[in-house]
Amino acid sequence: MPATPMIDQWSIRPTWLEIDCQGVVSNYNRAKERVGSGVAVFPVVKADAYGLGAVPISRALKAAGAPGLCVGLVEEGATLRKAGIDGPMVLFAGLTPGSEESILDHDLTPFLYDLVQARSLSRFAQSRQRRVGCYVKVDTGMGRIGFPAPELARAVAVIQALPGLRLLGIVSHLAWGDEEPSATVSAGQISQMQTLLAQPEIERISKAHHSLANSAGILYHSRSHLDWVRPGIMLYGASPAHPRRHAQEEGLVAVVRWLSRIIQVRTVEAGTPLGYGHSHICRKKTIIAQIPVGYGDGYNRLLSNRGAVLIHGKRASVLGRVCMDLTSIDITEIPEARTGSLVTLLGADRTDFIGIEQMAGWMQTIPYEVICNLGKRLARRYL
Ligand SMILES: *Cc1c(COP(=O)(O)O)cnc(C)c1O
């Protein structure tokens with residue numbers, strides 16, 4: 001396996017992604033600037049680095065000095081370890097029953113959020129004569145996993161007494177991934193976290209390494225930075241507060257281009273119905289192009305009659321329903337377009353640009369989902 005996977009066997013089809021690892025590093029440096037030198041930045045590469053490719057992106061981030069990484073699942077951590085990525089690797093929610101052995105084997109650092117789980121990891125580590133570093137997760141308002149705040153001090157005392165575990169610090173998660181209008185929820189979570197950390201049981205943790213901030217915390221709440229932060233979406237070129245704020249305003253660069261080529265051009269007469277369900281009827285004589293990409297690649301069906309692509313720097317609208325492997329676009333106003341012309345589904349073409357934020361807007365979802373759904377069959381080229 002080459003260190004950086006290049007175009008793979010699917011490259012016969014002219015549809016591919018270009019992922020700019022140095023762009024991810026530039027966004028990582030932006031996170032570092034925001035938190036300052038005393039705070040460690042552990043990039044979040046869960047879900048295959050939000051669909052963009054955890055192995056090459058993690059390599060680039062480690063080469064740029066990232067002190068640790070965060071994954072969602074044991075399997076994701078195992079993949080990175082097998083690719084030779086070393087150093088601290090934090091595991092968010094993957095400590096499920098039966099995963100203890102793999103956590104030890106791959107040297108992952110889990111978030112603990114209940115005592116049954118902590119005891120079973122402790123027993124396993126002890127049987128192997130190992131000590132596993134771990135963080136204790138507390139719920140300060142997300143209402144998801146974590147010890148309830150009033151139970152934190154007791155849980156910490158129990159966990160610290162368990163053999164085979166080494167408690168590194170306390171972690172929590174912000175409920176507003178967003179720059180919330182009033183900022184009161186996040187402010188409340190931050191204050192609650194500070195109160196919890198000031199409890200004697202917790203102050204006693206030596207060399208404590210506490211964390212609360214995701215991208216939103218990094219960008220909008222400096223009091224949430226604590227000892228280490230966990231940026232995800234900002235690394236991949238979107239504002240966590242989209243649609244209220246945009247990547248450019250946060251100083252973030254786009255890291256993914258999605259490209260294809262026209263495979264057929266046809267002229268159809270006024271009144272011609274197009275595609276499944278005839279959801280578009282041409283009002284006038286129209287030149288349509290087919291591009292070999294569809295919802296089987298993560299080009300969401302919600303982009304039917306809504307999305308647009310760039311050809312020769314000009315916008316061409318999606319006509320009719322996006323199919324599994326094909327999408328029709330209107331090139332009536334782009335007479336220079338031909339079979340073989342380059343099509344930009346995401347990224348810049350001359351002076352125009354379609355970003356993951358804009359595509360998310362067309363689909364009425366968040367940029368996170370746009371990139372997480374980029375299909376496995378798309379060839380990926382790492383720059
Ligand atoms: C996904 C995740 C993050 C990163 O969130 P972004 O909004 O993408 O920055 C941080 N912490 C935890 C626990 C997460 O699950």
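Read the numbers this way: they start at 1 and go in the same order the structure lists the ligands and their atoms. Predicted model only: the values in this text are computed from it and were never measured.
A donor-acceptor contact under 3.5 angstrom links the side chains of Ser120 and Glu100, judged on distance only. Checking Ser239 against Tyr220 by side-chain atom types alone, a donor-acceptor pair falls below 3.5 Å. Gln160 and Arg204 form no side-chain donor-acceptor contact under 3.5 Å, judged by distance and modelled atom types alone.
Residue contact check: Ile233 has heavy atoms under 4.0 Å from atoms 6 (P), 8 (O), 9 (O) of ligand 1. Against a heavy-atom cut-off of under 4.0 Å, Tyr50 is close to the following atoms of ligand 1: 1 (C), 4 (C), 5 (O), 6 (P), 8 (O).
Between Gly232 and ligand 1, at least one N/O pair is under 3.5 Å apart. Residue contacts with ligand 1: Ser215 is placed with a nitrogen or oxygen under 3.5 Å of a nitrogen or oxygen of the ligand (distance criterion only).
Using a 4.0 Å cut-off between heavy atoms, Met234 makes no contact with ligand 1 at all. Under 4.0 Å from ligand 1, the heavy atoms of His173 that appear belong solely to its side chain.
The only option from Arg244, Arg245, Arg30 that meets the salt bridge (charged side-chain N to carboxylate O under 4.0 Å, His left out) definition with Glu250 turns out to be Arg245.
Counting only non-hydrogen atoms, the option in Phe92, Tyr236, Tyr368, Phe111 that gets closest to atom 12 (C) of ligand 1 is Phe92.
Nearest heavy atom pair, residue Ala83 against residue Arg59, reads O-NH2, 3.0 Å.
By the 4.0 Å N-to-carboxylate-O rule, Arg377 lies close enough to Asp297 to be salt-bridged with it.
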